[in-house]
There are 2 protein chains.
Amino acid sequence: MKVTNGETAQLGTIEKVVNHFSDNRPTKDCPVTDVLCRISDKWTMHAIISLGKAEKLRFTELKKKIEGISQRMLTVTLRTLEEDGFVTRTIYPQIPPRVEYALTPLGRSLVAQIMSLSNWASENMEEVFKARERFKLN
Amino acid sequence: MKVTNGETAQLGTIEKVVNHFSDNRPTKDCPVTDVLCRISDKWTMHAIISLGKAEKLRFTELKKKIEGISQRMLTVTLRTLEEDGFVTRTIYPQIPPRVEYALTPLGRSLVAQIMSLSNWASENMEEVFKARERFKLN
DNA sequence: GTTTTGAGTTACTAAAAGTAACTAATATAT
DNA sequence: ATATATTAGTTACTTTTAGTAACTCAAAAC
């Protein structure tokens with residue numbers, strides 16, 4: 001990053017992010033950190049991946065797809081995703097209830113990122129498991 | 001764990017605990033999920049981003065860069081990253097101690113993924129904040 | 001009139017994260 | 001000779017978050 005006469009140079013996205021993380025600024029003052037912390041959550045990532053594979057899913061369908069999630073954590077996760085604008089929640093006034101969850105355009109743009117990370121995990125898990133074996137022997 | 005000058009590092013309690021939980025890892029779960037859960041962690045992502053910026057960093061340097069992290073969480077995070085083969089831990093037998101952390105090739109391939117996610121967060125944070133405002137009004 | 005259904009709540013327990021003080025071993029300063 | 005600074009952690013403790021299981025609502029089917 002080059003600075004001339006007290007003026008900051010135009011930054012590309014990578015430099016902006018790097019800048020955010022290198023600054024000694026409280027977490028609450030860094031919006032990138034804020035958003036990243038919301039995304040970097042186990043159940044959030046799973047919910048987004050599941051919704052990315054289907055057009056829309058009901059609560060119970062999601063619960064079946066996200067192995068190991070509790071009803072409470074699914075509710076909490078979906079509420080947060082809705083709050084952040086990643087997911088829409090459509091309630092059909094029926095008994096028993098029918099609630100459909102679907103990704104927003106913003107959510108769909110995030111899917112690409114998380115799918116990429118998921119694919120990375122799939123491609124590299126063997127090496128991770130080997131590393132764990134090696135670590136155990138020390 | 002890499003040790004120079006043929007010196008053997010001693011395992012502290014935290015390291016033993018990490019080992020113990022590694023052995024009791026739920027292997028019945030999907031291995032991709034296993035790896036994804038390890039990566040999708042706030043401090044893990046910050047540590048990888050910091051190490052991706054620099055060639056190598058000492059413990060205290062990392063602590064300064066990862067705003068808000070406690071010494072305990074930095075230790076736990078770095079041990080897990082080491083266990084999974086994402087970082088190397090090089091101990092120089094000096095007093096006061098000198099320990100250098102650096103990404104492995106596996107860790108460097110992960111940096112690209114996490115940087116991409118960070119960039120997404122940077123580009124889309126405004127829309128997320130707008131969504132939160134809209135949600136509050138309901 | 002009891003059971004079933006879907007999408008949650010609620011109350012409770014277990015686990016993880018955060019906080020602050022403490023340690024080791026030596027070099028340097030007082 | 002004693003005190004202080006240094007680095008990379010640990011330990012004990014508190015708070016926050018996640019997980020578990022039972023409960024709810026309202027109608028429709030049995």
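The shown structure was predicted, so the numbers you read here are calculated from the model rather than taken from an experiment. Worth knowing before you read on, the calculation uses all heavy atoms, side chains too, and leaves out hydrogens, waters and symmetry mates.
Contact check for A:E61 versus A:K64: no side-chain heavy atoms found under the 4.5 Å cut-off. The side-chain heavy atoms of B:T80 and B:F86, taken from C-beta on, include no pair separated by under 4.5 Å. Using a 4.5 Å cut-off on side-chain heavy atoms (C-beta onward), A:M125 and A:F129 make contact.
Applying a 4.0 Å cut-off to non-hydrogen atoms, the residues of residues 44-64 of chain A that approach DNA chain C are A:R58, A:F59, A:T60, listed by residue number.
If you measure from atom CH2 of A:W43 to atom C1' of D:dA18, you get 10 Å, rounded to the nearest angstrom. The nearest whole Å value for the distance from the CD1 atom in B:I69 to the P atom in C:dT19 is 12 Å. In this structure, the CD atom of A:Q94 is 16 Å from the C1' atom of C:dT4, given to the nearest Å. Per the geometry, CD belonging to A:Q71 stands 15 Å off P belonging to D:dT24, to the nearest Å. B:D41 has its CG atom 14 Å from the P atom of D:dT17, to the nearest Å. Taking atom CD of residue B:E100 and atom P of nucleotide D:dA8, one finds them 9 Å apart after rounding to whole Å. Atom NZ of A:K42 and atom C1' of C:dA15 are 12 Å apart (whole Å). Distance CE (B:M73) to P (D:dA8): 19 Å, rounded to an integer number of Å.
Looking at heavy-atom distances under 4.0 Å, A:Y92 makes no contact with the nucleic acid at all. A:R72 comes within 4.0 angstrom of a base, heavy atoms only.
More than 12 heavy-atom neighbours from other residues, nucleotides or ligands sit within 6.0 angstrom of CD on A:Q94.
Only one option out of A:I69, A:L78, A:L81, A:L74 pairs with A:W43 in a side chain to side chain contact (heavy atoms under 4.5 Å, CB included); it is A:I69. Checked against A:V87 for a side chain to side chain contact (heavy atoms under 4.5 Å, CB included), the options A:L106, A:L51, A:T104 give a single hit: A:L51.
With the nearest nucleotide of DNA chain D identified for both A:P96 and A:G68, A:G68 has the one nearer the 5' end. Nearer the 5' end of DNA chain C, as judged by each residue's closest nucleotide, is the contact made by A:I95, out of A:R89 and A:I95.
Put simply, B:R79 has a side-chain N or O that comes within less than 4.0 Å of OP1 or OP2 on D:dG9. Side-chain N/O atoms of A:Y101 include none lying less than 4.0 angstrom from OP1 or OP2 on C:dG6.
Partners of A:K56 according to the salt bridge (charged side-chain N to carboxylate O under 4.0 Å, His left out) rule, which considers only residues two or more places apart in sequence or in another chain, are A:E100.
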